[in-house]
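For reference, the structure is listed below as C-alpha cells.
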Amino acid sequence: MKALSNKRRRDIGQQKWQFIAVIITVAMGVAMFAGTFNAYLNLGTSLEASYDRLHMADMVVTGADEGFVDSVQSVEGVANAIERRQADVPFVIGDDDLLGRVIGFPGDGQPAIDQIDIDEGDYLDPDAPTDVLIEKHAAANFDLGVGDSFTIADVEVTVVGIVTSPEYLWPARDEQSLFTPPDTFAVVFALEETLDGLGSTIALDQVLVEYDEDADREATDEAVENAASAANAGGTQVLEDQPSNSAINEEISGLQSMAVAFPVLFLSAAGMAIYVIMTRLVFSQRGVIGTLRASGFGKKQLAAHYRSYGMLVGIIGAAIGALFGGLMARGMTALYTQVFSIPDLVARFHLPTVLVALAFGAVAGIVASIAPARLVMRMEPAEAMRGDVPAEAGKESIFEKLLPPLRRAPVRWRMTLRGIGRNMKRSSTQVIGVVLAMTLIIAAVGMLDTIVRIVDRQFDEVSLSDATAIFNVPVTPDAIAEVAGVNDVAGAEAVMTLQASIKNGAETFSTTISGYEADTTMHGFPEPLPRTGILVGQAMGDVLDVSVGDNVTVVLGQLDAEITTSIEGFVDEPLGTVAYMQLDTLINSIVASNDDVDPALLTSPAYTTAEARFDQGANAENVMDRIQDLDIVATVVNETALRDAFLDYQAFFYAFIGLMVVFGAALAFALIFNIISVNVAERSSEFASMRANGLSYRRVANMIAGETFLLTALGILPGMLVGWWAANAFIKSFADEQMPITADVAPITFVIASLSMFVVAGLSLLPALRAVKRIKVGEIVRERSV
Amino acid sequence: MNNLAVKATELTKTYGEGETAVHALSDVTFEIPRGEFVVLQGPSGCGKTTLLNQLGALEAPTSGDVESNGYKLNGLDDDGRTDYRLNTVGFVFQFYNLVPSLTAYENVALIAELTGDDVRKRSEQVLASVGLGDRMDHFPGQMSGGEQQRVSIARGLVKNPPLMLCDEPTGALDTETGIQVLRLLRSITDSGDRTIVVVTHNSQISEIANRVIELKDGVVLGMHLNDDPKDPGDVAW
Ligand SMILES: Nc1ncnc2c1ncn2[C@@H]1O[C@H](COP(=O)(O)OP(=O)(O)OP(=O)(O)O)[C@@H](O)[C@H]1O
Ligand SMILES: [Mg+2]
C-alpha cells in the first residue's frame with residue numbers, strides 16, 4: 001500500500017541515525033558470516049583438492065617389518081602403499097645451523113603417494129646425487145633459489161627445485177612441535193642415494209598408505225594399525241594426526257566457530273536494537289494505530305506493516321553485509337590458502353552462503369519486530385480516542401528496596417535509579433548488549449592472553465635451556481663437557497629423546513620420551529624426576545586412563561625395545577604432551593629389555609643431544625656460534641626461537657586486540673546509542689518540564705548519564721563471566737590431546753573490556769545529550785506528553 | 001523592589017523566516033503589578049502560550065524585552081534563564097508533565113531540593129495545601145487528572161516563587177475539578193506578594209481574575225480590570 005509505505009519511509013527517516021546504526025550492525029554480522037563461512041568452506045575444499053591431486057598419505061607407518069608394504073595392500077580400504085625413508089640431519093644454510101629433514105625420493109619420477117608440486121626448477125636427476133629439491137617455506141625463509149648450495153651433514157648439495165609438499169603446507173617438525181620456529185627446520189627431497197651418503201645418520205623406514213576414495217576411514221585406520229602392529233611397527237600416524245594437516249584443520253575449525261559466533265553476536269545486538277526502536281515507535285504511534293484501526297485497517301495488516309520495518313532494515317543491512325562478505329570471502333580465502341600455502345585455491349562463490357546470510361539478516365529483523373508487532377495487535381481502536389499514553393505505573397526501584405538508606409538520597413539520584421526500572425525490557429537489553437560486547441572482546445583478547453601465557457610458561461617454567469647441540473660423534477660425557485666448557489655456557493647436560501608409543505592395555509599414545517639428568521636444570525619439573533618410573537603429560541594420563549602406580553608399556557620403535565615401567569606422576573606442560581624419565585634409568589631399562597640393543601647405539605647423536613644454558617647477559621648468538629665451532633658439534637638449535645618468533649608477532653597481536661575491541665565497541669555503541677536515543681525521545685516532555693521548573697541542563701544530563709552508566713555497570717560482571725566462559729569454549733575448539741590448552745585470560749583484559757564499555761557508553765551519550773540540550777522547552781510544553 | 005511583577009516592552013516573537021514566518025507576538029507591551037491574578041485570553045493560535053513562554057524565559061524573544069522580578073530576560077544565557085526559572089517562576093502545564101517514576105511527594109521534592117533545606121517539611125506542607133496530604137506516596141499513574149494537576153501546582157509552588165505561570169491548567173479537567181484547581185490558584189495570590197498568570201481560551205474564566213489581557217493575532221487587543229472578581233464556583237463553564 002502506497003500510503004503505508006510512505007509512512008514507513010518517513011518514520012524510518014525520522015530516526016535515521018538509529019536505523020543506520022542497526023543496518024551497520026546487521027551488515028557487520030552478515031559480512032562476517034558470509035566472509036568467514038565462505039572462507040571456511042573454500043579452505044576445506046582447497047585442502048581436499050590438493051590432498052587428492054598429490055595423493056596425500058592417509059596413514060604413515062614407521063619401522064614395520066619388511067614385506068609390510070605388500071601385505072598392507074590387501075587390507076580392506078587400502079588403495080596403495082609405498083616405502084620411503086627419511087632422516088633428520090644437521091643442515092648448514094648460510095649462517096644458520098639447524099636440524100633439517102631429508103626425504104628419499106625415487107630417481108625415475110615422483111612417488112605414487114605424497115607427491116610434490118615443483119614450483120620452480122626441475123625434478124631430481126637420477127645421476128646427480130648432490131641435487132635436492134627444497135620445500136618452499138624453507139626456501140623462502142633461508143632465501144634459497146634454484147642453483148644455490150648449502151650443506152647437509154657435511155655434504156654440499158645444490159637446489160634444483162623449489163617444491164610444495166602436502167605434508168608440509170604448515171611446516172611442523174612433528175606432532176609435539178606444531179609451532180616449529182622457521183629458523184630451526186627445513187625439508188628437502190633427495191635421491192635415496194643421497195640419503196645413503198649422509199654418513200652415520202639413521203634413516204627412518206616409512207610405509208605410506210593411501211586409502212580408496214570411498215573407504216570407511218575409521219575402519220581402515222584400525223585395520224591398518226592392527227596390521228602395522230602385527231608387523232612390529234614402531235609407530236603409526238593417521239592423517240588426522242599428521243602435524244601439518246592437524247594444524248590446518250585446527251585453524252579451519254576455529255574459522256568455523258568464528259563464522260558462527262561473530263554473526264550470532266552482531267545479529268543479536270542488531271535484533272535487540274530493532275526491538276527497542278520498534279517498541280518505542282509503535283508505542284508513540286498508538287493514537288495513529290487506533291485511528292487506522294477505527295478506519296477499517298485489520299490487526300494483521302497493521303502488525304505486518306510494523307514487522308516490515310524490521311524486515312526492511314534487516315534486508316538492507318544483510319544485502320550490504322552480503323556484498324562486503326562476498327568480497328571478504330575472496331580475500332580471506334586467498335589469505336588463508338597463502339598462509340597455509342595450499343597449492344589449489346578453490347575460491348568458489350557459494351551462493352547458498354550468501355542466501356543464508358541474507359536470510360539471517362531478514363530473520364533477525366523480523367524476529368526483533370515480532371514483539372512490537374504483537375503490541376500493535378493488542379491495541380484497540382478506542383486507543384485513538386484515549387490518545388495519551390497510559391500513565392506508567394511508577395514504583396520504587398529494587399536498589400531502594402535492597403538498600404533502604406537510599407530512600408534518604410536526593411530525589412534526582414533516586415530518579416536515576418528508577419529510570420532503570422521504568423522499562424525493564426529496554427534496560428535489560430542494554431545490559432545484554434554490554435554482556436555481548438564484553439564477550440566478544442574477552443573471548444578474542446583472552447585467546448591471545450592464553451597464547452602469551454603458554455609461551456611464558458613454556459619458557460619460564462618448562463623449557464629452561466637456551467640451545468641444543470647436536471653432535472657428529474658419539475655422545476660421551478667428554479663431549480657434553482666440551483660444550484659445557486664453552487665460554488658463557490653456564491651448563492650442559494645430555495638429553496636423550498626417543499619416539500615412543502606408550503600403551504596401557506588397548507590404549508596407545510604416540511609421543512616422545514625424554515631422559516634428563518636426575519637433577520636437571522634444563523627442564524622444569526614440578527618435583528624432582530623419580531629415580532624409577534615415568535612422568536607423563538596429564539592429557540596422556542587421561543587417554544591411557546592410568547593413575548600413579550599403574551604400569552605402562554613403552555614401545556621404542558627406533559631401538560626395537562619395549563620397556564615396562566610405572567607411572568610416577570603427571571606433568572602439566574602447555575606445549576605438547578610427552579613423557580619423561582631419568583636418563584640413567586631410561587638407558588638401563590632399554591639395555592635390560594633387549595639383549596640385542598648395542599649399548600654403543602645409545603650414544604648415537606640421533607638420540608642424544610646436549611641441552612645448554614647460557615650465562616645471564618651473554619649474547620646468545622655469539623655463544624651459539626662458539627658451540628657451533630666445536631668440531632664435535634654438527635649443529636646448534638636455538639631453543640628460544642619460538643619465543644623470539646612470537647615476540648616478532650607482537651605488533652600483529654596488538655593490532656588484532658585493537659580490532660576486536662573496536663568490533664565489540666561498535667556493537668555496544670549501536671545498542672546503547674539506540675537505547676539512549678529512544679529514552680530521551682520518550683521522555684522529552686518530562687525533561688522539558690523539569691527544565692521549565694529550573695533544573696539546569698547539566699542536572700538533567702547528569703541524570704541521563706547516571707542511568708546509562710549504571711546500566712553499563714550492571715552488565716560488567718555478567719559480561720566478565722560470559723566472556724570468560726566463551727574464551728574457554730573458543731580455546732577448546734583449538735585444543736587437542738597433544739595440546740591440552742585451557743583459557744587463561746589476563747586480569748588486564750577484563751579491565752580493558754570493562755573500561756571500553758564505559759567509554760562506549762559515554763560516546764553513545766553524546767548525541768542524546770545534544771538532543772536534550774536542543775529540546776525546545778517552550779515547544780514541548782505546549783504539546784501533550786508523548 | 002518595585003511593585004511591578006512583570007513588564008513586557010515591545011515584545012516580538014517570530015517563528016521561522018521569510019514566506020513561512022509566523023508572527024506569534026508583535027510589539028506586545030504591558031505591565032502587571034505584583035499580587036494580581038491575571039488571565040491571558042484569546043482564540044486558539046493567538047499567541048498565548050508563546051507569551052507565557054516569554055514570561056517564563058522558556059524561549060528567547062525575537063526582539064523586545066521582559067523584566068520580571070529584577071531580571072531582564074533578553075540577553076540571559078541558558079544558565080541565566082535556568083537560574084531565573086528556578087528562583088522566580090513556577091510552571092503549571094495543561095498536561096501536568098509529572099515524572100511518572102516519582103511519587104507525588106518526590107515530584108515536588110525534586111524541585112524543593114534545588115531551592116533550600118527543609119525539603120521534607122516544605123514538600124509536605126505544600127502538598128497538604130493543595131489537598132493531597134493523604135496522597136503523597138502515590139505515583140502519577142495512580143492519581144486522577146485533577147490530582148495530578150494539583151501535584152504539578154504544588155511542584156510549582158514549593159520553591160515559593162513570586163510568579164506562577166499556568167497554561168490551560170483546567171484544560172484537561174472536568175468542571176468540578178476545574179473549579180477546585182482554580183480556587184487553589186486564586187488562593188495563591190491571597191498573600192498579596194505572589195503574581196499568577198493563567199492562560200485560557202475560555203472567556204468565562206476571566207471573570208475570576210483581577211486583570212484580563214486580551215490577545216488576538218499576536219497583539220494585545222485590550223486589558224481590563226475586574227473590580228469584583230467572581231468566585232470560581234460562581235462561574236458557569
Ligand atoms: N515552533 C513554531 N513554529 C512556527 N509557528 C509556531 C511555532 N510555535 C507556535 N507557532 C505559531 O504561533 C502562533 C501562536 O501559537 P501559540 O501556541 O502561542 O498559540 P495559543 O494562543 O497558545 O493557541 P492555543 O489556544 O491553541 O494553545 C500559532 O499560529 C502557531 O501556529
Ligand atoms: Mg496554547
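Chain letters run A, B, ... following the sequence lines, proteins first, then strands; residues in each count from 1. The model shown is predicted, which means the values in this text are computed figures rather than measured ones.
- Across B:Ala109 and A:Val411, no two heavy atoms sit closer than the pair CB-CG2, 3.6 Å.
- Within residues 151-159 of chain B, the residues approaching chain A closer than 4.5 Å by heavy atoms are, in numerical order, B:Arg155, B:Gly156, B:Lys159.
- The OG atom of A:Ser689 lies 10.5 Å from the CZ atom of B:Phe91; values are rounded to the nearest 0.5 Å.
- Here the CG atom belonging to A:Leu695 is positioned 5.0 Å from the CD1 atom belonging to B:Ile111, to the nearest 0.5 angstrom.
- A 6.0 Å sphere centred on CG of B:Asp117 holds no more than 12 heavy atoms belonging to other residues, nucleotides or ligands.
- Going from atom CZ of A:Arg408 over to atom CZ of B:Arg120 covers 10.0 Å, rounded to the nearest 0.5 Å.
- Using a 4.5 Å cut-off between heavy atoms, B:Leu114 touches chain A through its side chain atoms alone.
- For B:Asn87, no part sits under 4.5 Å from any heavy atom of chain A, backbone or side chain.
- Of the listed residues (A:Lys773, A:Met690, A:Met415, A:Arg698), the greatest number of heavy-atom pairs within a distance under 4.5 Å of chain B belongs to A:Met415.
- The number of heavy-atom neighbours closer than 6.0 Å to NZ of B:Lys216, taken from other residues, nucleotides and ligands shown, is 12 or below.
- Nearest heavy atoms, B:Glu113 versus A:Ala409: OE2-O, 4.3 Å.
- Shown here are the salt bridge (Lys or Arg N to Asp or Glu O under 4.0 Å) partners of B:Arg194, two or more places apart in sequence or in another chain: there are none.
- Residues B:Pro100 and A:Glu686 form a side-chain contact, since some pair of their non-hydrogen atoms from C-beta on lies under 4.5 Å apart.
- A donor-acceptor contact shorter than 3.5 Å is absent between the side chain of B:Arg85 and the backbone of A:Asn693.
- Using a 4.5 Å cut-off between heavy atoms, A:Arg699 touches chain B through its side chain atoms alone.
- Classification of B:Asp78 and A:Arg691 as a salt-bridged pair holds, one side-chain N sitting under 4.0 Å from a carboxylate O.
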